[in-house]
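I have placed the structure first, in the form of structure tokens, so that the comments after it can refer back to it.
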Amino acid sequence: MRMPLVAGNWKMNTTLNEAIALVKKMRPGLDQIEGVEKVICPPFISLAPIKELLKGSSIKLGAQNMYFEEKGAYTGEISPLMLAELCQFVIVGHSERRHYFKETGEIIEKKVKAALKFGLKPILCIGETLEENEAGKTEEVLAKQLSSAGINYAGGLVLAYEPVWAIGTGRAASSRQANETIAFIRQFVSKQSGKETAQGVRILYGGSVTADNIAEFINQPEIDGALVGGASIKADEFISIVKQASDIKRVR
Ligand code: PEP
């Protein structure tokens, strides 16, 4: 049984004070929900204070990005060594990083490996653009994004299928479409790393998930949870998303 996971990607939102206020608002509701792994990914500067705020909570922390080197002359970067003291998860390869910051497959592969080396669970995002989707190239694109040699799927890595055209657009994929694509991803992992490993890897859907559509996604057999952007900085909505995921698929 794969433990469902719902992660909130706060992106470049919330000042420190706002982040603290948001966590205080979310914590009581989220702490009551069982059988689902709950992760929030605030901006870097809020990780340390939020870690303190979350003492004794079942909510886990994730970063939104990291560099792949351990330390050194990389002005402005944050390393996996630094993050390992603060959080358990790190989002890697988000389409906004691929697009705005020109992160290549090679960089992303290094980040995934560095995260695993330092005991962080990468949430590796993959997904096709609208043009690729319309050209019928979704599987080809996903296979390319996944085929970076040497990714260890057995090490706690989480995958997030996030069609780029669905992120922040209010236009979510259909749950059937997402389920089929995630089944393809699992099959691909199975070919690379064996059936048993593939059955253990959690694969999330991300892209305009809300409290109104989460149930459709989580009801699909291949979908193990969600990576939530916009709706994750609205306390009541995020709690509702996690609660519905728990009602439908919690692991006891
Ligand atoms: C995301 O940032 O990963 C995301 C899926 O955003 P949104 O839920 O806002 O589409």
Side-chain angles (χ1 to χ4, degrees), residues 4-14 18-19 22 26 30 36-44 46-47 60-66 87-103 108 111-112 115 120-130 132-133 138 141-142 145-146 157-175 177-179 181-182 185 202-218 220 222-245:
L5 189 159
V6 178
N9 173 15
W10 293 12
K11 311 197 189 199
M12 198 175 70
N13 294 299
T14 66
E18 287 167 348
L22 187 54
M26 279 179 182
L30 288 178
V36 172
E37 208 163 17
K38 305 153 258 185
V39 183
I40 54 171
C41 305
F44 283 133
S46 297
L47 286 172
K60 294 183 178 158
L61 260 181
Q64 298 173 19
N65 180 35
M66 55 164 237
C87 56
Q88 297 92 346
F89 290 84
V90 59
I91 298 171
V92 175
H94 192 281
S95 66
E96 287 153 15
R97 299 230 41 104
R98 293 179 194 257
H99 180 67
Y100 296 124
F101 303 99
K102 309 286 175 257
E103 287 194 10
I108 291 162
K111 289 187 176 191
V112 168
L120 293 162
K121 290 180 185 166
I123 302 177
L124 172 61
C125 302
I126 55 172
E128 82 287 1
T129 63
L130 185 60
E132 290 162 345
N133 182 284
T138 299
V141 170
L142 297 175
Q145 289 173 340
L146 282 169
L157 175 119
V158 175
L159 290 170
Y161 168 55
E162 297 210 307
V164 178
W165 45 272
I167 298 177
T169 58
R171 181 187 160 194
S174 79
S175 55
Q177 201 182 348
N179 190 63
T181 308
I182 289 176
I185 295 169
R202 288 178 293 180
I203 311 180
L204 317 179
Y205 167 75
S208 296
V209 168
T210 64
D212 291 334
N213 63 20
I214 181 65
E216 287 171 41
F217 289 107
I218 210 79
Q220 296 287 341
E222 292 291 340
I223 302 181
D224 300 317
L227 180 54
V228 185
S232 74
I233 50 172
K234 297 173 192 157
D236 292 343
E237 182 158 18
F238 191 62
I239 293 166
S240 167
I241 290 171
V242 177
K243 170 90 173 55
Q244 291 179 63

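Everything numeric in this text was worked out from a predicted model, so none of it was measured. Whatever order the structure lists them in is the order used to number ligands and atoms, beginning at 1.
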| task | Output yes when a side-chain donor or acceptor of Tyr161 lies under 3.5 Å from a complementary backbone atom of Pro163, and no otherwise. | result | no

| field | side-chain hydrogen bond (donor to acceptor under 3.5 Å, both in side chains) evaluation trace for Glu222 with Asn179 | value | CA-CA 6 Å; Glu222 292 291 340; Asn179 190 63; 5.9 Å; no

| message | Quick check against the 3.5 Å criterion: does Gln88 have a side-chain atom that pairs as donor or acceptor with the backbone of Leu61? | response | yes

| said: If the condition is side-chain hydrogen bond (donor to acceptor under 3.5 Å, both in side chains), which residues does Ser208 pass it with, not counting sequence neighbours? | reply: none

| note | ligand 1 to Glu162, heavy atom cutoff 4.0 Å, flagged ligand atoms 1 (C), 3 (O), 4 (C), 5 (C)

| task | Could you list which atoms of ligand 1 come closer than 4.0 Å to a heavy atom of Leu227? | result | 3 (O), 5 (C)

| request: Heavy-atom contacts with Gly230 under 4.0 Å: which atoms of ligand 1 show up? List them by number with element. | output: 7 (P), 8 (O), 9 (O)

| task | Return a yes/no value for His94: is any of its N or O atoms, backbone included, closer than 3.5 angstrom to an N or O of ligand 1? | result | yes

| note | Under 4.0 Å from one or more heavy atoms of Gly207, ligand 1 contributes atoms 5 (C), 10 (O)

| field | Main-chain N/O of Gln177 paired to Thr181 side chain as donor or acceptor, under 3.5 Å | value | yes

| Polar atom proximity, Lys11 to ligand 1 (N or O, under 3.5 Å) | yes

| query | Which atoms from ligand 1 have a heavy atom of Ala166 less than 4.0 Å away? | reply | 10 (O)

| field | Donor-acceptor contact below 3.5 Å, side chain Glu162 vs main chain Gly127 | value | no

| Which bit of Ile167 is near ligand 1, meaning a heavy atom under 4.0 Å away: side chain, backbone, both or neither? | both

| task | List the closest protein heavy-atom neighbour of atom 8 (O) of ligand 1: residue, atom name, distance to the nearest 0.1 Å. | result | Gly229 N, 2.8 Å

| Taking Glu132 for the side chain and Thr129 for the main chain, is one N or O donor matched with an acceptor at less than 3.5 Å? | yes

| request: Provide the number and element of each atom of ligand 1 under 4.0 Å from a heavy atom of Gly168. | output: 7 (P), 9 (O), 10 (O)

